[in-house]
Amino acid sequence: MTPFSIIIPLYNSAVTLPATLDSIAAQEFKDLELICIDGASTDATLKILDVFKIAHPELPITVLSEPDKGIYDAMNKGIAIAKGNWLYFMGGDDTFESDQVLSKVYQVTNQSDADLVHGNVTGVVSGNVYNDNILSKVLFRGIHHQGIFYKKRVFNYTGGYDLRFKIAADYHLTLKAFLNKAFKTQYADIIIAYFGEAGLSSQRYDWVFYSYHYRLLATHNAANTTSDESLKCLNDSIYCCFQLAKQKQSLPFAWQNMLFYTFDKNGLPPGTKVRNLLRMAYWTFRPNA
């Protein structure tokens, strides 16, 4: 079994893809496979992949191009055919930080019994370095999937990416791994990648997932009701329920979450919970303008 499977979901990525592919080919560590899942691109994406395959015959490359249901559907297809022990997901506008990244990560994985190894990432435009080096950051703020290597067996337990969540399904899956006591996670102080800050998660907000965020943590006993971070997460999740009601989107799921926040022992005063229910009902039944 090869150590690494690199999975890249693509759609009309011709402008940025060459740099991504070059950063993979430049890696000192060569024992890997590349899986490109394309959503039937109409630009030169597939031609670029063809040229890259010819230029790098030593690199096992699988290309699948067909219509899909979005980026997470493409990633699920990649998981299904990956042969590596560790899976890593890149965007078509991401690049490895250096040619030694996989060598460094391999050293960590080879000396550890972790099921998920995560490091740092840097924004291409902002230059900001994100180091999710403590658990509270991961649980309450989020984590960049470009900094994560998953042992393939993780997906046998978590399943694939949940297609209900259009923007944050990667965060949802990662949280399931962190919250599962069967898995061991490890932080490595390594800058893994430069990530493209014009991606999907930078442009939109996943109201559906974040309406569920606190509920997910609370049902795994990971929400400390006395902490400021936990309280903010709870209030943000309630706000997202309101937004879904206003937009008339995913109403059954939003109401499931709101009812959980009403009856859960989360520290909210009873009067606040009643007002939240009334506000939720108001936005649910108020006709759209």
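Note that the structure is a prediction, hence the values are computed from the model and not measured.
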Original post:
In terms of heavy-atom contacts, does NZ of K47 have more than 12 from other residues, nucleotides or ligands at under 6.0 Å?
Top reply: no

Original post:
Judged by atom type as modelled, is there a donor-acceptor pair below 3.5 Å linking the side chain of S112 to the main-chain atoms of A114?
Top reply: yes

Original post:
Is the backbone N or O of T20 less than 3.5 Å from a side-chain atom of T95, with the two atoms forming a donor-acceptor pair by type?
Top reply: no

Original post:
Under 4.5 Å between any side-chain heavy atoms of L231 and N266, yes or no?
Top reply: no

**OP:** Give the intermediate values and the outcome of side chain to side chain contact (heavy atoms under 4.5 Å, CB included) for residues L64 and D38.
**Re:** CA-CA 6 Å; L64 174 63; D38 177 70; over 6 Å; no

Subject >> Flag side-chain contact, heavy atom, 4.5 Å: F29 against V105 >> reply: no

**OP:** Check the pair C241 / M280 against side chain to side chain contact (heavy atoms under 4.5 Å, CB included), numbers first and verdict last.
**Re:** CA-CA 7 Å; C241 290; M280 186 73 178; 4.0 Å; yes

Original post:
Are F253 and F260 in one and the same hydrophobic cluster, where Ile, Leu, Val, Met, Phe, Trp and Tyr link if side-chain heavy atoms are under 4.5 Å apart?
Top reply: no

**OP:** Check whether the ring centres of Y205 and W207 lie less than 6.0 Å apart, and answer yes or no.
**Re:** yes

**OP:** Measure the CG-OG1 distance between L135 and T185 for me, rounded to the nearest 0.5 Å.
**Re:** 7.0 Å

Original post:
Are the aromatic rings of F178 and F183 close, with centres under 6.0 Å apart?
Top reply: no

Original post:
Would N133 and K137 count as having a side-chain donor-acceptor pair, cut-off 3.5 Å?
Top reply: yes

Original post:
Taking S5 for the side chain and G84 for the main chain, is one N or O donor matched with an acceptor at less than 3.5 Å?
Top reply: yes

**OP:** Would you kindly say whether Y150 and T174 are connected by a side-chain donor-acceptor distance under 3.5 Å?
**Re:** yes

Original post:
Is there side-chain contact between L17 and L49, with heavy atoms separated by less than 4.5 Å?
Top reply: yes

**OP:** Using atom types as modelled and distance alone, determine if a side-chain donor or acceptor of T262 lies under 3.5 Å from a backbone N or O of M258.
**Re:** yes

Original post:
Distance only, no hydrogens: is a donor on one side chain within 3.5 Å (strictly under) of an acceptor on the other, for D93 and T16?
Top reply: no

Subject >> Check: F195 ring centroid to Y130 ring centroid under 6.0 Å >> reply: yes

Original post:
Do M90 and I7 have side chains that get closer than 4.5 Å, going by heavy atoms?
Top reply: no

Subject >> Same cluster (ILVMFWY, side-chain, under 4.5 Å), F96 and L21 >> reply: yes

Original post:
Does any N or O in the side chain of K104 come within less than 3.5 Å of the main-chain N or O of I191, such that one atom is a donor and the other an acceptor?
Top reply: no

Original post:
Do K232 and D228 pass the salt bridge (charged side-chain N to carboxylate O under 4.0 Å, His left out) test, and can you show the C-alpha distance, the side-chain angles, and the key distance before you say yes or no?
Top reply: CA-CA 6 Å; K232 182 180 185 304; D228 291 340; over 6 Å; no

Original post:
To the nearest 0.5 Å, what is the distance between NZ (K176) and CG (D162)?
Top reply: 6.5 Å

**OP:** Please tell me if the side chains of Y212 and C240 come closer than 4.5 Å, counting only heavy atoms from C-beta onward.
**Re:** no

Original post:
Closest approach of S136 and E229, non-hydrogen atoms and distance?
Top reply: CB-OE1, 3.4 Å

Subject >> Residues W255, L277; criterion side chain to side chain contact (heavy atoms under 4.5 Å, CB included); working and verdict >> reply: CA-CA 9 Å; W255 268 103; L277 278 178; 3.9 Å; yes

**OP:** Identify the heavy atoms of L34 and C36 that sit nearest to each other, and give their distance.
**Re:** CG-SG, 3.9 Å

Original post:
Atom CD1 of I24 and atom CG of D99: how far apart are they, to the nearest 0.5 Å?
Top reply: 13.5 Å

Original post:
What's the verdict on ring pair (Phe, Tyr, Trp, His ring centres under 6.0 Å) for H213 and Y171, showing C-alpha distance, side-chain angles and the deciding distance?
Top reply: CA-CA 10 Å; H213 187 188; Y171 182 33; 5.4 Å; yes

**OP:** Verify the distance criterion only: is there a donor paired with an acceptor across the side chains of E33 and T2 at less than 3.5 Å?
**Re:** no

**OP:** For atom CG of N128, decide whether the heavy atoms of other residues, nucleotides or ligands shown that lie under 6.0 angstrom number more than 12.
**Re:** yes

Original post:
CG/L217 to OG/S230 distance, rounded to the nearest 0.5 angstrom?
Top reply: 7.5 Å

Subject >> Any donor-acceptor N or O pair under 3.5 Å, side chains N120, D189 >> reply: yes

Subject >> Backbone N/O of Y214 and side chain of S237: donor-acceptor pair under 3.5 Å >> reply: yes

Subject >> Side chain D206, main chain I167, donor-acceptor under 3.5 Å >> reply: yes

Subject >> Nearest heavy-atom neighbours spanning I192 and V101 >> reply: O-CG2, 3.5 Å

**OP:** Group every Ile, Leu, Val, Met, Phe, Trp and Tyr by side-chain heavy-atom contacts under 4.5 Å, then state whether I190 and W86 land in the same group.
**Re:** yes

**OP:** Please lay out, stage by stage, how V117 and I148 fare under the test side chain to side chain contact (heavy atoms under 4.5 Å, CB included).
**Re:** CA-CA 6 Å; V117 171; I148 305 171; over 6 Å; no

Subject >> Electrostatic pair D68:K77 at N-O distance under 4.0 angstrom >> reply: no

Subject >> Backbone of K151 reached by a side-chain donor or acceptor of N85 within 3.5 Å >> reply: no

**OP:** Taking all non-hydrogen atoms of both residues into account, name the closest pair between D132 and Y187 and its distance.
**Re:** O-CD1, 4.0 Å

Original post:
Judged by atom type as modelled, is there a donor-acceptor pair below 3.5 Å linking the side chain of T45 to the main-chain atoms of S13?
Top reply: yes

Original post:
Do I81 and I35 have side chains that get closer than 4.5 Å, going by heavy atoms?
Top reply: yes

Original post:
So which heavy atom on D115 is nearest to which on R153, and how close?
Top reply: OD1-NE, 2.8 Å

Subject >> Reported CG-to-OG distance for the pair L244 and S250, which is rounded to 0.5 angstrom >> reply: 5.5 Å

Subject >> R164 to F209, cation-pi by 6.0 Å centre distance and 45° axis angle >> reply: no

Subject >> same_hphob_cluster(L102, Y194) at 4.5 Å side-chain heavy-atom cutoff >> reply: no

**OP:** Tell me whether the centres of the aromatic rings in H172 and Y161 are closer together than 6.0 Å.
**Re:** no

Original post:
Are any side-chain N or O atoms of K30 and backbone N or O atoms of A25, one a donor and one an acceptor, separated by less than 3.5 Å?
Top reply: yes

Original post:
So how far is it from M1 CE to D31 CG, rounded to the nearest 0.5 Å?
Top reply: 11.5 Å

Original post:
How far apart are the closest heavy atoms of Q146 and D94, and which atoms are they?
Top reply: CG-OD2, 3.2 Å

Original post:
Does L251 reach the side chain of T284, with side-chain heavy atoms less than 4.5 Å apart?
Top reply: yes

Subject >> Sole residue of F149, F89, Y88 in ring pair (Phe, Tyr, Trp, His ring centres under 6.0 Å) with F4 >> reply: F149

**OP:** Look at the side-chain heavy atoms of Ile, Leu, Val, Met, Phe, Trp and Tyr, link any pair under 4.5 Å apart, and say whether I37 and I6 land in one connected group.
**Re:** no

**OP:** Mark yes or no: R215 above the aromatic ring of Y261, with NZ or CZ under 6.0 Å from the six-membered ring centre and no more than 45 degrees from the axis.
**Re:** no

